[in-house]
Amino acid sequence: MAVDYSTLKKGGFMRQKQKNNFSLRLRVVGGNLSAKQLAKIAEVADKFGDGHVHLTSRQSVEIPFIKLDDIDAVKAALAEGDVEPGVCGPRVRTITACQGEAICPSGCIDTYALAKELDDRYFARELPHKFKFGITGCQNNCLKSEENDVGIKGGIKVAWREKDCISCGVCVKACRSEAITLKDGKISVDNDKCNFCGRCCKSCPTDAWDETHGYIVSFGGLFGNSINKGETVIPFIEDHDKLLEVCDAAIQFFDENANPGERFKFTIDRVGREKFEKKIMEVYNG
Amino acid sequence: MADFNIDDTVDITDVVCPTTFVKAKVALEELDEGQILSIRMNDGEPVQNVPRSIKEEGHKILKLTDNEDGTYTLIVEKVGD
């Protein structure tokens, strides 16, 4: 039987060193799996694999030692537990996320909800090369957003509300950017220094800050054969729908301009960063 | 600090994270609702993080004072039992 490896790979079946054995990558969104999914994955690994699974570097799960002849049975079994194969190859990959504000006290955005939304919008979309999204909830950057083709980091834009302030000075010390000063009972924020970490408002005893939660988006990150830190075009995007439009524009730019097998960073470099930034700004200001 | 009627004091300058917060939390547990605790802590990581952790526990922070000797004093009113 002729084996079409590219079709197999699209469905997340990664060829192993061991002939006719595949490591099956699963579809995971934002690093979350339900207990039901986990139980089914364990069952399939036991029955069709060799009884172990591998956690990938990008929050997916792979079941190694799946036999070529069992592929249909494995897919059917996984479906009973709401588990689907993932993808590899030239397309949008697993959307990764930290736990974000739903769970983590430091989180500034709902990372899982956003991961789900991006997964619905883009997952497995065919492109000239692999394309990775990563979402992290705050400046602590547990999810390393800038190593992704598109990285999204949560932040909070703050404005001091004098009437509720008790001039305790906690925010001055909580800020790691030395952006806040307290003089004669009045707070001032140096917006050039503020990195939107939100530590001031999260530590404020009287919540004397108006908060605008938003997104810091970086483009062109890589962390494989070549390493590059993704860079922002817009310092802070407040509007959720605008964020999606910017993501649409970035992926569209890649789709239209990239050579086969070329990562986003190299497309931006080759076509010209100014041209890319112009495209993003057009959409942002549009 | 004359503004506040301090019921108890705790010095957390002799421990590091996460024991800083634990020591402060234990001291707060000894108090009754409405009583005031004065916490002496080091500059740097403790003063960046301990006030926020105490806020997240639901207590009321009243004042942070720079002792100008590399330490800060945080005045906290206990909320809850």
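Because the structure is a prediction, the values reported are computed rather than measured. Letters A, B, ... mirror the listed sequences (proteins, then strands); counts begin at 1.
Of all residues spanning residues 49-64 of chain B, those with a heavy atom less than 4.5 Å away from chain A's heavy atoms are B:Asn49, B:Pro51, B:Arg52, B:Lys55, B:Glu56, B:Ile61, B:Leu62, B:Lys63, B:Leu64, arranged by number. Along residues 16-26 of chain B, no residue comes nearer than 4.5 angstrom to chain A, judged on non-hydrogen atoms. Residues of residues 189-212 of chain A lying under 4.5 angstrom from chain B, judged on non-hydrogen atoms, are A:Arg199, A:Cys201, A:Lys202, A:Ser203, A:Cys204, A:Pro205, A:Asp207 by number.
By the neighbour-count criterion of 12 heavy atoms within 6.0 Å, atom CD of A:Glu178 is sparsely surrounded, having that number or fewer from other residues, nucleotides or ligands. Residue A:Phe123 places its CZ atom among more than 12 non-hydrogen atoms of other residues, nucleotides or ligands, all under 6.0 Å distant.
Within the structure, side chain to side chain donor-acceptor pair (under 3.5 Å) contacts touching residues 217-238 of chain A (residues at least two apart or in different chains) are A:Lys157-A:Glu238.
Remark: A:Lys173 engages B:Asp43 in a salt bridge, criterion side-chain N to carboxylate O under 4.0 Å.
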